[in-house]
Amino acid sequence: MSSALYLILLFSALWTLSFCGTHQFHVVEEKKNWTNAQKYCREKFTDLATIESQEEMEAVKSVLKRTAGNFWIGLKQKDKNDNTSWIWSDGSNCTYRYWSTGEPNNGGGEMCVQLLQNPEYRWNDAGCQWSHPFICYEKIPLILINQNKTWREALRYCRENHVDLVSVHTHEIQDWVEIITKNASTANVWMGLRHTCVLSIWFWVSGSTLCYQNWALRNGTGSGRLQRRRKNRSGAVWK
């Protein structure tokens with residue numbers, strides 16, 4: 001692969017790091033009931049937090065950084081008579097679960113979900129009328145930059161002008177990347193993937209480990225020519 005590629009994929013945003021999935025999470029310390037928290041998130045961001053995987057849950061924990069208190073997220077009981085009918089505020093079905101032990105217990109009509117600081121910000125159903133700080137999420141668009149740069153130059157450009165080179169954590173983002181790169185004039189497009197020879201691992205520059213993988217044939221963790229020469233390597237999308 002050439003040492004200098006021509007295009008960059010990046011996230012465009014105003015704040016926070018590039019986390020798992022297409023969501024960036026924002027902590028709002030102002031206390032509101034669940035309905036008003038939902039309204040605030042929809043006005044300022046995208047919606048109350050939707051958490052669809054353990055990776056995204058770890059991203060939320062990272063944003064909170066042991067902040068004191070319990071926090072609303074965007075999960076609510078759809079049917080008050082059905083304690084299994086949970087749905088996200090943005091309309092997504094709830095398949096991933098991170099309940100605290102013994103929850104949800106639906107005690108006294110508890111239909112909204114908060115993160116309990118202890119233990120480990122696990123989920124707890126609570127009365128929607130109570131006031132708590134909350135977590136919003138924002139969907140961040142991908143942008144294709146048509147400039148000739150090396151990987152390090154691309155990384156610097158993204159961090160100075162936007163947020164970061166793109167991290168591809170899910171099949172959903174991979175599909176999104178493939179759509180965007182159709183407009184690229186080169187065969188390869190830089191992304192935020194890097195290899196360290198010292199630890200012999202691939203990692204995302206956002207700080208996340210490499211979970212989702214979609215390597216081209218004879219690429220990635222194999223013993224290719226560049227790996228035998230012990231050179232640092234970078235990741236790119238191959239159209």
Side-chain angles (χ1 to χ4, degrees), residues 11 16-29 31-67 69-141 167-176 206 208-209 211-212:
F11 279 116
T16 75
L17 297 176
S18 171
F19 290 118
C20 312
T22 57
H23 299 168
Q24 288 189 345
F25 298 103
H26 304 257
V27 178
V28 180
E29 296 189 16
K31 293 183 178 181
K32 296 180 180 292
N33 63 36
W34 192 92
T35 300
N36 287 335
Q38 179 192 55
K39 181 180 178 181
Y40 181 97
C41 290
R42 289 178 172 179
E43 289 176 351
K44 303 293 184 180
F45 301 102
T46 299
D47 213 325
L48 268 170
T50 294
I51 305 170
E52 298 177 312
S53 67
Q54 185 60 38
E55 251 190 337
E56 289 189 342
M57 189 63 229
E58 294 302 321
V60 169
K61 291 181 185 180
S62 178
V63 171
L64 286 168
K65 296 178 181 177
R66 303 305 302 172
T67 304
N70 302 326
F71 297 82
W72 288 129
I73 58 175
L75 193 60
K76 189 174 184 180
Q77 193 171 329
K78 188 175 180 180
D79 182 350
K80 66 180 181 179
N81 297 315
D82 183 357
N83 203 26
T84 65
S85 63
W86 298 95
I87 192 167
W88 293 106
S89 175
D90 65 3
S92 303
N93 291 323
C94 180
T95 55
Y96 168 77
R97 307 295 172 91
Y98 197 66
W99 294 108
S100 185
T101 302
E103 303 296 342
N105 60 14
N106 196 26
E110 297 174 339
M111 296 183 64
C112 294
V113 176
Q114 60 181 349
L115 302 183
L116 292 177
Q117 181 186 0
N118 293 309
E120 300 179 341
Y121 293 114
R122 286 190 174 270
W123 302 358
N124 173 63
D125 58 338
C128 305
Q129 74 276 14
W130 300 113
S131 292
H132 294 294
F134 50 97
I135 303 168
C136 304
Y137 87 88
E138 183 175 19
K139 283 195 172 183
I140 306 303
S167 296
V168 182
H169 299 286
T170 65
H171 184 70
E172 178 188 4
I173 301 179
Q174 176 66 29
D175 290 343
W176 192 5
S206 62
S208 301
T209 55
C211 296
Y212 172 81

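All values below come from the heavy atoms of this structure, side chains included, with hydrogens, waters and symmetry mates left out.
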Query - Qualifying residues under salt bridge (Lys or Arg N to Asp or Glu O under 4.0 Å), relative to K32, sequence neighbours excluded - result: E30
Query raised in the report: Can you tell me how far the CG atom of L48 sits from the CZ atom of F134, to the nearest 0.5 Å?
Result: 7.0 Å
Report task. Starting at CD1 of I73, measure out to SG of C136 and round the result to the nearest 0.5 Å. Result -> 12.5 Å
Report task. Mind checking side-chain contact (heavy atoms from CB on, under 4.5 Å) for P104 and listing every partner two or more places apart, or none if nothing turns up? Result -> N83, W86, W99, D125
Report task. State which residues pass side-chain hydrogen bond (donor to acceptor under 3.5 Å, both in side chains) with R42; sequence neighbours excluded, sorted by chain then number. Result -> D47, S89
Requested in this report: Kindly compute the distance separating OG (S131) from NZ (K31), expressed to the nearest 0.5 Å.
Outcome: 8.0 Å
Report summary line: The complete set of ring pair (Phe, Tyr, Trp, His ring centres under 6.0 Å) pairs with one or both residues in residues 42-64, sequence neighbours excluded, reads H26-F45
Query raised in the report: For E29, does the CD atom sit with more than 12 other heavy atoms under 6.0 Å from it, leaving out its own atoms?
Result: no
Query raised in the report: Step by step, would you call W88 with Y96 a ring pair (Phe, Tyr, Trp, His ring centres under 6.0 Å)?
Result: CA-CA 11 Å; W88 293 106; Y96 168 77; 8.4 Å; no
Query - Which atom of K76 lies closest to which atom of C128, heavy atoms considered - result: CE-SG, 4.1 Å
Requested in this report: Could you tell me which residues satisfy disulfide bond (SG atoms under 2.5 Å apart) with C94, sequence neighbours excluded, listed by chain and number?
Outcome: none
Requested in this report: To the nearest 0.5 Å, tell me how far I87 CD1 sits from D79 CG.
Outcome: 11.5 Å
Query raised in the report: Which heavy atom of W72 sits nearest a heavy atom of N33, and at what distance?
Result: NE1-C, 3.7 Å
Query raised in the report: Listed by chain and number, what are the side-chain contact (heavy atoms from CB on, under 4.5 Å) partners of K61, not counting sequence neighbours?
Result: M57, E58, Y98, E120, Y121
Query raised in the report: Got a sec, which residues hit side-chain contact (heavy atoms from CB on, under 4.5 Å) with S100, two or more places apart in sequence or on another chain?
Result: E103, L116, P119, R122
Requested in this report: Could you tell me whether a side-chain N or O of T46 sits under 3.5 Å from a main-chain N or O of K139, the two making a donor and an acceptor?
Outcome: yes
Requested in this report: For K44, check side-chain contact (heavy atoms from CB on, under 4.5 Å) against everything at least two apart and list the hits.
Outcome: Y40
Query raised in the report: Rounded to the nearest 0.5 Å, what separation is found between the CH2 atom of W34 and the CE atom of M111?
Result: 9.5 Å
Report task. Go through the structure and list residues passing side-chain hydrogen bond (donor to acceptor under 3.5 Å, both in side chains) with Q77, not counting sequence neighbours. Result -> none
Query - Which residues share a side-chain hydrogen bond (donor to acceptor under 3.5 Å, both in side chains) with S92, sequence neighbours left out - result: D90
**Report entry** With sequence neighbours excluded, residues passing side-chain hydrogen bond (donor to acceptor under 3.5 Å, both in side chains) with D82
**Finding:** T84
Query raised in the report: What's the spacing between F71 CZ and I135 CD1 if we round to 0.5 Å?
Result: 6.5 Å
**Report entry** Exam field: side chain N70 to backbone Q117, donor-acceptor pair closer than 3.5 Å
**Finding:** yes
